[in-house]
Each structure stands twice: as C-alpha cells, then as structure tokens.
Amino acid sequence: MTVHITSKITKLQLHHPFKISRRETDTYREVISVEIDGGVGETAPAKFYGETVQTVTAALETFSSKLDGNFDEIQDVMEGIESTIDGNYAAKSAIDMTLHDRLGKKLGVPLYKFWGLNPQKTPCTSFTIGLDEPAVMAEKARQAEVYPILKVKLGTDRDIEVLQALRKVTDKPIYVDANTAWTPKEAVQKIHQLAKYGVVLIEQPTQPDDIAGLKYVREHSELPIIADESVKRASDIPALAEAVDGINIKLVKCGGILEALRMIHVARAHGLLVMLGCMIESSLGITAAAHLTPLVDYADLDGNLLISNDPYTGVTLENGKLILPNRPGIGVLTTT
Ligand code: MG
C-alpha cells in the first residue's frame, strides 16, 4: 500500500536579512511542512548538508512508497526509511517529526510527557544576531532586549570589534558561533580575546572535518568548544569526544527526534555538553525540538523568532525560557 504524504513548501520571510560566515545574506528561507494521518511536521533543508526543498520533495516521494501504514512503530518506520536512501536527513526528520506528532495526538499527550520529561526544566533560548557591521549588530542586540542570552555569528576580521560594540549596549551572556570560519591558531587567539568580553561558549570555530584542529583549539582555549557542523549523527560523537566540550544537535541535521534522543544519550555517555539548535524554521519545527530541551544544557531555538510570517504558534517564551504547549503531540496551532 502506498501512503499519501501531503507536503507543502512555505517561504518564511525574515525580519532582518540574515548572514553567517560562509553564506550570502538571506531575506527568506523555504521550509516544507508534511502531514501524515493527522500528524504534522516540518523540515528546513540546508544546502551545506546537500539538501534543498527539491531533494526533500523527491525523498518524500520515495518514502511514501515505503510506508506501510504501521505508523505507531516509529522506530521501525525510520529504520525502513534509513535503508532506502542514504543521507537526506532533513527529509527523514520531517517523517519522524510528523509521526511523533501523530502518535502524541493519538495517545492524547504532549511529546514531553510522552518521554516523561519535566516541562519546568526547559532552558532559556538564545537569540541569534547575524553577521553585519559591528554597529548594526550592536543595534540588533539592543533591539533584542527581551531575550536574556545572545548568540552572535562571527567569522570576519572584525570579530573583536563586534564584541566591543556589543559590550557597549549589553551585559548579557553571549554564545559565539564562528560557523567554521577560523583556522585553529586563529581560533585560539580570538577565543583568548573573546573570553575577556563575557563570552560563554564557542561554536564550531574551525573546519568540520579537522578534528585534530578542534582538539588543538579546545586544549588551548579557556572557553567550552561546541561542535555543530562537525557532528550530524550519534555515530559521529565518539571520534569527537576528546576534541570538544559539547555538541549542537539539530533535528533537520540528524534525521529527527529518535536520532536526536540517541545523540543526547551518546553525548552524555561521553561527558559532553548538549545544545539543541535549529535552522530558520516556523514554530512547528521549533516546538518539536523544544519538547526535548528538558534534557539539554543550552537551547538555541530562535528560528521562529527571526521570521515575520509564522504559520504556527506553539512554544512561547517567558523571559527567554521556553514554555512548552500542553497540547497533544507537538501541540502547535495554525495562525490563519
Ligand atoms: Mg552553529
């Protein structure tokens, strides 16, 4: 039997043009929402990982011929899908998320309750400031008054200037994300300077495949190093465990909630810190990830805060703390 997967592409408009070290400025981002038997999910493919809305649409078509209708057994469904095509984790994440929403609704429980998690234990999310002129980034930080933690994209020769400008307008904790821009030696020098400006952690200072480089940075730096682009799946973690202090897990990068849960446990077994991150996504994808946050140290779940046409409401913020919806499944409502 072929199961029909309904999918729809949505253009999410950004409040501000968004830039990181390796990419040109974006003004919108495309996501794909999926519906299967009453469950809804979403994915935000990233070119960096070789996926686009076109590859996701094609993968979903392939998956639909493999789904047999036994949707309650999400483990089996995902194993079946994993064996059909390699990679395509953003597409796989859409299926996994949709089936979790469906099952939560069927059982009448929010996802956090389904996993036995305490909704009071969610962290505060950071709010991301994209790369720009130091004065513009400082102005954005000033406008981000309601968010208690900032995540700042760096990776240019003006990195220290940016921190100087930010510290004129805010004393909040700052996470720095270099998005692979630095060499190991450069990273050590910069981190040494950044540490003086109240930076809490450094995300992905160097190239993704250079694990020795990350290890060098970690051994010579006073701030925790969090891997993002270097780690996609649970199987990537053991090789990285000595080279970093923590990992950033994203549903669309790893293939969905089941893999994210595996990653959290594997990371903990290696004594690593865990951040749960996101792409630019609507409240559908962000809320799904937010249900896992009682298990993590850091949440960077602000994709929905950066857009002006969110089709959903779900997780909300109270002084930056993630407040999970107490509705079955992911628990989002449409904002028509
Ligand atoms: Mg990152």
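Read the numbers this way: they start at 1 and go in the same order the structure lists the ligands and their atoms.
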**Q** So does H192 have more than 12 non-hydrogen atoms from other groups sitting under 6.0 Å from NE2?
**A**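 No, because the 6.0 Å sphere around NE2 of H192 holds 12 heavy atoms or fewer from other groups.
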**Q** By atom name, which N, O or S atom belonging to D177 lies closest to the Mg ion (ligand 1)?
**A**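 Minimum-distance N/O/S atom of D177 relative to the Mg ion (ligand 1) is OD2.
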**Q** Please check if the side chain of E35 supplies one atom and the backbone of G41 the other of a donor-acceptor pair under 3.5 Å.
**A**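 Absent.
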**Q** Using 2.8 Å as the threshold, say whether any N, O or S atom from E229 sits that close to the Mg ion (ligand 1).
**A**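 No N, O or S atom of E229 is closer than 2.8 Å to the Mg ion (ligand 1), so no.
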**Q** Is E133 paired with R158 through a side-chain N to carboxylate O contact shorter than 4.0 Å?
**A**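 Salt bridge flag = yes for E133 with R158.
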**Q** For residues S283 and D310, is any side-chain donor paired with an opposing acceptor at under 3.5 Å?
**A**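 Yes.
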**Q** Are E82 and K92 within salt-bridge range, i.e. N to O under 4.0 Å?
**A**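 Result for this pair is yes, salt bridge flagged.
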**Q** Distance check below 2.8 Å: does D300 bring an N, O or S atom to the Mg ion (ligand 1)?
**A**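 No N, O or S atom of D300 is closer than 2.8 Å to the Mg ion (ligand 1), so no.
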**Q** Write the atom name of the N, O or S atom in E203 that is nearest the Mg ion (ligand 1).
**A**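 The atom in question is OE2.
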**Q** How is the N/O/S atom of D228 that comes nearest to the Mg ion (ligand 1) named?
**A**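 Of all N, O or S atoms in D228, the Mg ion (ligand 1) lies closest to OD2.
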